Amino acid sequence: MTNKDPYLALRIPEFRFFIIARFCIIVALQIQGVVVGWQMYEITNDPFALGLIGLAEAIPAIGVSLYAGHIADTVSRKKIISLCVGLLTICSASLLFINQINLISILGNDAIKWSLYGAIFMSGIARGFMGPALFAFMPQLLNNKTEYANAVSWNSTTWQTASVAGPALGGLIYVFGGLNASYSADLGLMFLALIIILFSISSRELPTQINKEILTIKESITVGIKFIFENKIILSAISLDLFAVLFGGAVALLPVFCKDILHEGAWALGLLRAAPAVGSVIMAMGIAYIPIHKKAGNKLLWAVAGFGVCMIGFAVSEIFWISFALLLLSGACDSISVIVRSTLLQTRTPEHMKGRVSAVNNIFIGSSNEIGSFESGLAAKLLGTVNSEIFGGCMTLIVAAITAYKAKELRELEL
């Protein structure tokens, strides 16, 4: 078996179970997100309440990230993942219970609204701890480093596929089965993931630390942050991705483009929202078959530049299918960036630091999505919708060019 085998990582039984469990978790969370959002809007009829759902999840997830990274490097990673998925299962069960007992009729809309916020807040805490543990645990399921790139490709494919399937499945179940059926599906998938993790994946010992000195929590977290900021090639890759998402993303403005520029309805908005994820899935599958090894840094830089060009093209397009194709291509470019960056982090980070490094990466990339949406809205208000997206695409190109000029190590990266 060579490292050109597209199913290299999937031939490892426990990695297969890991991927299946992760798929179930993501689909369950996507179903939950769609249904909670719809239910919240029905209760409040207030778009701001929908924004608070994202905030209720983002604040605890980002807030616990650094500590979660420390925990992922000091406590059994399987135990952390099991506890987090267990907490997510409890949150799913509570959402189902709230609707089964018809809490609205007992306590009114405010009670169920705050119950929904509470469940999402607890989910945010669980996801904040789970992210670093998943990142650090996955390579422990592999046989050697030659399987890392293939494993990252399948991991990315799983995430993107679930991100496309989850919302669609959630919408269909809600239409044909209602709230209880939707929350039951959410709970069933989360419980299935928990069973797989508990009984089909064995625990792994924590990697032996190179530095045997016992560190305080503060020192441990500081070591993880210093590792990224002192490792120029990793810092360059993370920063490149951060600024590309910060300036170049179009998701926040898609409703405006769809309604006012392309003059299409809600069906078109759904397709445009799905297009980047579909492009990502296609590219990730391609990379699983044809891995990126040689000139990986150059390909990363060209992918980010391609993402910027797609955003500029999308901004000026007035034809729906051209806009759809450009978003599809932007997703493909983003997939290259994600896979190269993830493989770089996996291969260049010492095993005993992967939790902490992943936590810092999650803060960089996770926060850039939220701030990027704010930047898009602010730029649209100041410059106009089309000009703001052109500006974002141009800034992405400038960031890619500056990084290519300044970061020689990244430019010459080989995986």
Side-chain angles (χ1 to χ4, degrees), residues 30 34 37 47 50 156-157 159-172 175 241 243-287 299-338 368-369 372-401:
Q30 293 287 347
V34 168
L50 299 179
S156 178
T157 301
W159 192 89
Q160 296 291 358
T161 304
S163 295
V164 174
L169 186 60
L172 285 173
V175 168
D241 207 322
F243 286 110
V245 173
L246 184 64
F247 289 115
V251 173
L253 299 178
L254 281 183
V256 183
F257 275 99
C258 191
K259 182 179 179 182
D260 298 338
I261 295 171
L262 301 175
H263 306 293
E264 299 288 354
W267 67 272
L269 176 60
L271 286 178
L272 291 179
R273 286 294 296 265
V278 173
S280 293
V281 170
I282 294 170
M283 180 56 72
M285 291 290 289
I287 292 173
K299 289 172 183 174
L300 169 63
L301 290 163
W302 280 112
V304 173
F307 181 85
V309 170
C310 288
M311 291 300 98
I312 294 171
F314 175 79
V316 300
S317 169
E318 295 182 359
I319 300 172
F320 172 77
W321 289 111
I322 292 178
S323 298
F324 177 84
L326 287 166
L327 288 178
L328 197 79
L329 285 172
S330 76
C333 290
D334 186 54
S335 184
I336 295 172
S337 173
V338 168
S368 68
N369 284 307
S373 296
F374 173 74
E375 182 276 333
S376 295
L378 180 61
K381 185 176 180 64
L382 297 174
L383 304 174
T385 302
V386 172
N387 289 337
S388 70
E389 200 58 46
I390 293 173
F391 169 77
C394 289
M395 288 301 296
T396 301
L397 289 173
I398 291 170
V399 168

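Because the structure is a prediction, the values reported are computed rather than measured.
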Which atoms form the tightest heavy-atom contact between [X] and [Y], and what is the distance?
X	Y	value
Glu318	Leu262	C-CD2, 3.7 Å
Thr157	Ala284	OG1-CB, 3.0 Å
Leu301	Ala400	CD2-O, 3.9 Å
Thr161	Val281	N-CG2, 3.4 Å
Ser330	Phe307	O-CD1, 3.4 Å
Lys299	Ile336	O-CG2, 4.0 Å

Calculate, to the nearest 0.5 Å, the distance between atoms [atom1] and [atom2] belonging to [X] and [Y] respectively.
X	Y	atom1	atom2	result
Leu397	Met395	CG	CE	10.5 Å
Leu329	Asp334	CG	CG	12.5 Å
Leu327	Cys310	CG	SG	8.5 Å
Gln30	Trp159	CD	CH2	7.0 Å

With sequence neighbours excluded, what pairs up with [X] under the side chain to side chain contact (heavy atoms under 4.5 Å, CB included) test?
X	result
Ala165	none
Ala325	none
Val386	Phe257, Ile261, Ala315, Ile390
Ser337	Asp241, Leu300, Val304

> Applying side chain to side chain donor-acceptor pair (under 3.5 Å), which residue pairs with at least one partner in residues 303-316 are found, sequence neighbours left out?
Replying inline: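 Qualifying pairs: none.
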
> Taking C-beta and beyond as the side chain, do Pro276 and Leu328 meet within less than 4.5 Å on heavy atoms?
Replying inline: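 No, every pair of side-chain atoms sits at 4.5 Å or beyond.
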
> Going through the distances and angles, do Cys394 and Ile312 end up as a side-chain contact (heavy atoms from CB on, under 4.5 Å)?
Replying inline: CA-CA 7 Å; Cys394 289; Ile312 294 171; 3.9 Å; yes

> So Ser335 and Ser156, side-chain contact (heavy atoms from CB on, under 4.5 Å) or not? Walk me through it.
Replying inline: CA-CA 8 Å; Ser335 184; Ser156 178; 4.3 Å; yes

> Just by distance, do the side chain of Thr396 and the backbone of Gly308 share a donor-acceptor pair under 3.5 Å?
Replying inline: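 No; zero donor-acceptor contacts below 3.5 Å.
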
> Under the side chain to side chain donor-acceptor pair (under 3.5 Å) test, which residues partner Ser323, sequence neighbours left out?
Replying inline: Ser317

